[in-house]
Trainee: 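Structure below; questions to follow.
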Number of protein chains: 2
Amino acid sequence: MRKAGSYIRNGMQNEFVAFGALCYAGFMTEGSVSTAQGDQAATRPDDAGGPRLPLTQRVAGAIRDMIVQDQLKPGERIRERALSEVLKVSRTPLREALKLLSAEGLVEILPHRGAVVANPEPQEIYGKLQVLGVLESLAGELAAVQATDEEISEVRALHFEMLASYTRKNRLEYFKANQKIHRAILSCSRNEALIETHSRINAQLYRVRYQSNLRNRKWQSAIEEHEDILHALEARDSGRLSALLRAHLGSTWAKVSEMLGVSGSE
Amino acid sequence: MRKAGSYIRNGMQNEFVAFGALCYAGFMTEGSVSTAQGDQAATRPDDAGGPRLPLTQRVAGAIRDMIVQDQLKPGERIRERALSEVLKVSRTPLREALKLLSAEGLVEILPHRGAVVANPEPQEIYGKLQVLGVLESLAGELAAVQATDEEISEVRALHFEMLASYTRKNRLEYFKANQKIHRAILSCSRNEALIETHSRINAQLYRVRYQSNLRNRKWQSAIEEHEDILHALEARDSGRLSALLRAHLGSTWAKVSEMLGVSGSE
DNA sequence: TGTGGAAAAATGGCATACAATTTTCGATAG
DNA sequence: CTATCGAAAATTGTATGCCATTTTTCCACA
């Protein structure tokens, strides 16, 4: 029953995800949510063979998108009744969705004061990037050994996609391709817990990284690092791939901290 | 078929009664349930000193304990109505609690089939231990640099506690002290995301590690490794502490896999 | 004995009501 | 005018009943 090697193939439109849909593969895709404008995925009735995801998870997805898209801003309080009216669902599934997002770290639930959008301080962001660094490092270590040749080819293809987006100066596509590459490497690790944990932390950083990508002048600097990463993967150089991935997160912090105006980058 | 009313009663009679006090200290990021005093309160609503924590979180804590104590066995289905009667709460907070636990990875929610206690296969357990390894490794790296002298002393004190329990051949106390030591090192990292992520994965392995500890003949073998770890910490040898902690999880896998009867330890 | 399908049971979801708590805001005193 | 206290309003927490959907059980029937 293991769907081991299929992550890249079906990775985009994953069906049911039991442990909360942490996958942002389809984030801000064309026909996406746009929850604030009245039409919302959370309440669509029967889309063509529509995925029968539990309403709670669809609501969670809608809120996730609203957070990442800054329709819900960090620190902002989420009022249950108001949001349930906007999303056109009752409070019950909405509250369950908020519980999910709380466990994912995207919102914080204060007793009797409701949920607020997580607003991590620079130091916390740095900490999360550190964790992400060791996780990707482990993933690289495993991927270099266990990846199939097809998977490595797919990573290279994604790399070219990213180059295409870079050439077109399309930051959004560039960012998405960048994320895809890292997810692809993670999936090569064959370690579900690793993939899931990485997705969780990554989700907590998604918004700030997206903002950083939009604003940073050196937004393309990851290209060279990705070249090295790709070479290490193709050479199946476990140690080098591991080290490069961890260092990669270091330069991510450099860019993020610049945007945040942090003085000492520790 | 409904052995409903026996859950709690069993819990009070068996040897695990003290067990609730040891698990998940500081598990939830905030407003920690502190199951030591909160667990049974869920079944006694009228207890003195009105519960200040939302019922949902107390229920989640109660279910956590039931899982770890094997009152709810891996793979067992959790019936909402039955369990809500046992805990004497309505379905609403119970369902929210199950959502929480699902996000924590202790239960799995299948659409229209309800929640079942997570039952990871050996391969998944190995994967989680790998993740735990790099997390503790990072924690050691940071702790060696950032820990205060007082914190290091406290780790040593905990080490002596563990030795005491070992000498008395008290496996439960030994296990608890062991966990405490690792949590103490984690807290020295000053990295909330790291601590929280570690707690999450650790919770998923708590039951199997406890069982392993109970059954393994070489249950004291971690003593020597802990000696080395302690020395590296006191010498503030970042690299060595990091490496030792990761290797430590390797030997944990050796013990767990032996219990599970896994042939190749990969 | 095997299969189809109806009945039963369980979960998914909604709405309402009420309790507990926080927040708001106005009245009063200094 | 400001500060503080407290009642009212708003918001979250919990319980309950209801129905829809899906799964499971199991009995009739071939």
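Note that these values count all heavy atoms, side chains included, but never hydrogens, waters or copies made by symmetry. Keep in mind it's a predicted model, so treat the numbers as computed, not measured. We name chains A, B, ... by the order of the sequence lines, and we start the count at 1 in each one.
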Trainee: Is there a donor-acceptor contact under 3.5 Å linking the side chains of A:Gln123 and A:Glu121?
Mentor: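 No, no side-chain donor-acceptor pair sits under 3.5 Å.
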
Trainee: Does A:Arg79 make a side-chain N or O approach to OP1 or OP2 of D:dT11 shorter than 4.0 Å?
Mentor: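 Answer is yes, contact under 4.0 Å.
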
Trainee: Measuring from atom OG1 of A:Thr252 to atom CG of A:Leu132, what distance do you get when rounded to the nearest 0.5 angstrom?
Mentor: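 Atom-to-atom, A:Thr252:OG1 and A:Leu132:CG are 8.5 Å apart.
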
Trainee: To the nearest Å, how far apart are A:Ile109 CD1 and D:dT11 C1'?
Mentor: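 Going from CD1 in A:Ile109 over to C1' in D:dT11 covers 14 Å.
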
Trainee: Hey, is the side chain of A:Thr56 poking within less than 4.0 Å of OP1 or OP2 on C:dG13, counting only N and O atoms?
Mentor: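 For C:dG13, OP1/OP2 do have a side-chain N/O of A:Thr56 under 4.0 Å.
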
Trainee: Would you tabulate the nitrogen or oxygen pairs shorter than 3.5 Å linking the protein to nucleotides 16-19 of chain D?
Mentor:
residue: D:dT16; atom: O4; partner: B:Thr92; partner atom: OG1; Å: 3.2

Trainee: Quick one: pull up CZ in B:Arg58 and CG in B:Leu55 and give me the separation to the nearest 0.5 Å.
Mentor: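 With rounding to 0.5 Å, CZ (B:Arg58) is 5.0 Å from CG (B:Leu55).
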
Trainee: Just how far, in rounded Å, is P of D:dG13 from CG of A:Leu94?
Mentor: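 That distance rounds to 11 Å.
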
Trainee: Does a donor on one side chain and an acceptor on the other come within less than 3.5 Å for A:Asn202 and A:Gln179?
Mentor: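 Their side chains do contain a donor-acceptor pair, which is all the 3.5 Å distance test asks for.
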
Trainee: Starting at atom CD of A:Glu80, determine the distance to atom P of D:dT14, rounded to an integer number of angstrom.
Mentor: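 Interatomic distance, CD of A:Glu80 to P of D:dT14: 11 Å.
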
Trainee: Whole angstrom is fine here: how far is it from CD in B:Gln57 over to C1' in D:dT14?
Mentor: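 These atoms are roughly 14 Å apart.
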
Trainee: Once side chain to side chain contact (heavy atoms under 4.5 Å, CB included) is applied, do any residues pair with B:Glu173, and if so which ones, sequence neighbours excluded?
Mentor: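 Only B:Ser165, B:Asn170, B:Lys176 meet the side chain to side chain contact (heavy atoms under 4.5 Å, CB included) criterion with B:Glu173.
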
Trainee: Look up atom CG in A:Leu106 and atom CD1 in A:Ile63, then write down how far apart they are to the nearest 0.5 Å.
Mentor: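 So the gap between those two atoms works out to 10.0 Å.
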
Trainee: Can you tell which of C:dG12, D:dA15, C:dT21 lies closest to the side chain of A:His112?
Mentor: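 The listed nucleotide nearest to A:His112's side chain is C:dT21.
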
Trainee: Take the protein atom CG of B:Leu87 and the nucleotide atom P of D:dA15, then report the distance between them rounded to whole Å.
Mentor: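 Taking atom P of D:dA15 as the reference, CG of B:Leu87 is at 11 Å.
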
Trainee: Looking at every strand, decide which applies to A:Ile78 at a 4.0 Å heavy-atom threshold: base, sugar-phosphate, or nothing.
Mentor: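 Answer is sugar-phosphate: A:Ile78 comes under 4.0 Å of backbone atoms only.
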
Trainee: Could you go step by step and tell me if A:Glu151 and A:Arg190 meet the salt bridge (Lys or Arg N to Asp or Glu O under 4.0 Å) rule?
Mentor: CA-CA 12 Å; A:Glu151 284 173 324; A:Arg190 308 275 189 278; 3.0 Å; yes

Trainee: Let me know, please, whether A:Arg77 or B:Arg113 comes out on the 5' side of the other along DNA chain D by nearest nucleotide.
Mentor: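 The answer here is A:Arg77.
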
Trainee: Measure from CG on B:Leu110 to P on C:dA10 and round the result to the nearest Å.
Mentor: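 Answer to the nearest Å: 16 Å.
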
Trainee: For the pair made of CG in A:Leu55 and P in C:dG12, what is the distance, rounded to whole Å?
Mentor: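 Rounded to the whole Å, the gap is 12 Å.
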
Trainee: Round to a whole Å and report the spacing from CD of B:Glu96 to P of C:dG13.
Mentor: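 After rounding, the gap between these two atoms is 13 Å.
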
